[in-house]
There are 2 protein chains.
Amino acid sequence: MNNATHQGIRDAIRTRIVSGEWKLGDLIPGEVDFAAHYGCSRTTVNRALQALAEEGIVERKRKGGTRVRPMPAPQAQFRIPIVREQVESLGHAYATKVLKREIELPPLSLRSDMQLPAGTQCAYLESIHLADDQPFAFERRWVNLATVPSFVDANLHELSANEWLVKTVPFSRGDVSLSGTSADNQLAEMLQIQNGAALFTMDRTTWFEDRSVTRMTLFYRQGYRLSFEI
Amino acid sequence: MNNATHQGIRDAIRTRIVSGEWKLGDLIPGEVDFAAHYGCSRTTVNRALQALAEEGIVERKRKGGTRVRPMPAPQAQFRIPIVREQVESLGHAYATKVLKREIELPPLSLRSDMQLPAGTQCAYLESIHLADDQPFAFERRWVNLATVPSFVDANLHELSANEWLVKTVPFSRGDVSLSGTSADNQLAEMLQIQNGAALFTMDRTTWFEDRSVTRMTLFYRQGYRLSFEI
DNA sequence: GAGTGGTCTAGACCACGGT
DNA sequence: CCGTGGTCTAGACCACTCA
């Protein structure tokens, strides 16, 4: 009982909860009790229970003690996939090609999504992502040149636009939304699928501090699924 | 400098990273250095840096030190939405109706998805979720009666199948996959949309220990988007 | 081998929130 | 009030991994 690590204790307590030893909403023992039971210090138990709280398994309140969450909050944590990694992890050769690259005034809907003042110039790109030379995803992207003026000179032959931006504007918030889209004429042609086919689609706007950096829409080839565990 | 908490230090270091004080891939100071700099113990710095590692901001290696992630791992964390809550948070009245409820032998594909031995009986349900009496989502669900035999007697008038299962089989792993689907005849009729429309679709299999509990597919009404922040 | 992170401990004090 | 979790400390030992 003395080789107790905070991870081991966390797993042990989680197992006891899952097994039904305590029911939903039940109060479970306090830190000192667990410390005595597992023969370790309270600090270690504290870490274990805090981790379980982060997992959403338990709720903790001072004086109120620790209780099993009445309705487990099913939190999913998954990495937003990077297309290159997705393709390579499937064992295919990855390639990408910029099909169009222009400087334009963005459409009105984009002005509100990206909070652009009137007259802001944007770069507009269309790219195709290939897996073993087969279309994997099609990308439409706007880049806010007020935030990232150097993008106009970016060399996108060695790095994709996404990778270039990540390297240049490191950490940012992002809004993501997932949806299903019917393929229009251009998408059908680009992805070599039937017009009207249902595509899994990811929209993503990223921000550096309070300024928008880029908004992209990624249309995955037909049949693509985004899978993860909870 | 002596009111240093692990959260405060975490925020301070994160700010210094975001501000560009250290670049992508750079080695940042060690725990003892930070402890001296912020006037706190190494333990506290350790917690702060471990938290940053969980956030995906830094990578840590023994002997190798702590460095800013070369390519930030954009981790998304979001709650798998419960349909009732989605509808209610949009300000609509929620209702659900079970349209079909049978005991059947599952199709072959399900036998492998849910790891069912041959001959396992399952409950099959079709339900519609309504927002202000308009179709919001259509659900097909299989329940493994070997794992949850009491489901045959479940009263699904007060609780939805999902809520009943969550209350009865508390904590479970789950596999989720998101995709786009074309509406077939039944879906088009149920959701009152055009045949072939692109729908956002969520498949979810949940497990209790090593046994499958249920597999459901949720077809959202046309135009639905799942949004979250990273 | 030596430097770094990973972890545990025992004790201490604080902050919150039911009673 | 007082019990509970939240946190910090100082020191210690271990484990990994790079040079």
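Throughout, a chain's letter reflects where its sequence line sits, starting with A, and its residues are numbered from 1.
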Using the 3.5 Å cut-off, write out each protein N or O paired with an N or O of nucleotides 12-18 of chain D and the distance between them.
unit_1: D/dA12; atom_1: N6; unit_2: B/Arg42; atom_2: NH2; d: 3.0
unit_1: D/dA15; atom_1: N3; unit_2: B/Arg62; atom_2: NE; d: 3.4

(request) Taking Watson-Crick and G-U wobble pairs with both distances under 3.5 Å, convert DNA chain C into its dot-bracket string, 5' to 3', dots for unpaired and | for cross-strand pairs. (result) ||||||||||||||||||.
Is any side-chain nitrogen or oxygen of [X] closer than 4.0 Å to OP1 or OP2 of [N]?
| X | N | result |
| --- | --- | --- |
| B/Thr44 | D/dT7 | no |
| A/Gln50 | D/dG6 | yes |
| A/Gln7 | C/dG6 | no |

(message) Let me confirm one number: the CD1-CG distance from A/Ile57 to A/Leu49, rounded to the nearest 0.5 Å.
(response) 12.0 Å
Taking side-chain contact (heavy atoms from CB on, under 4.5 Å) as the definition, give me every residue that meets it alongside [X], ordered by chain and number, with sequence neighbours left out.
| X | value |
| --- | --- |
| B/His6 | B/Thr44, B/Arg47 |
| A/Ser179 | A/Thr181, A/Thr201, A/Asp203, B/Arg225 |
| B/Val32 | B/Arg42 |
| A/Leu27 | A/Arg67 |

Among all residues two or more places apart in sequence or in another chain, which pass the side chain to side chain donor-acceptor pair (under 3.5 Å) test with [X]?
| X | answer |
| --- | --- |
| B/Asp26 | none |
| B/Thr96 | none |
| A/Gln222 | none |
| A/Ser160 | A/Glu163 |

(message) Quick check: do B/Val176 and A/Leu226 have side-chain heavy atoms less than 4.5 Å from each other?
(response) no
(message) I want to verify a distance call: between C/dT9, D/dG5, D/dT7, whose nearest atom is closest to the B/Arg47 side chain?
(response) D/dT7
(request) Quick one: list whatever passes ring-ring contact (aromatic ring centres under 6.0 Å, His included) with A/Trp22, sequence neighbours left out. (result) none
(request) Nearest whole angstrom, please: distance from the P of D/dG3 to the CZ of A/Arg60. (result) 18 Å
(message) Can you list, in residue-number order, the parts of residues 26-35 of chain B that come under 4.0 Å of DNA chain D, counting heavy atoms only?
(response) none
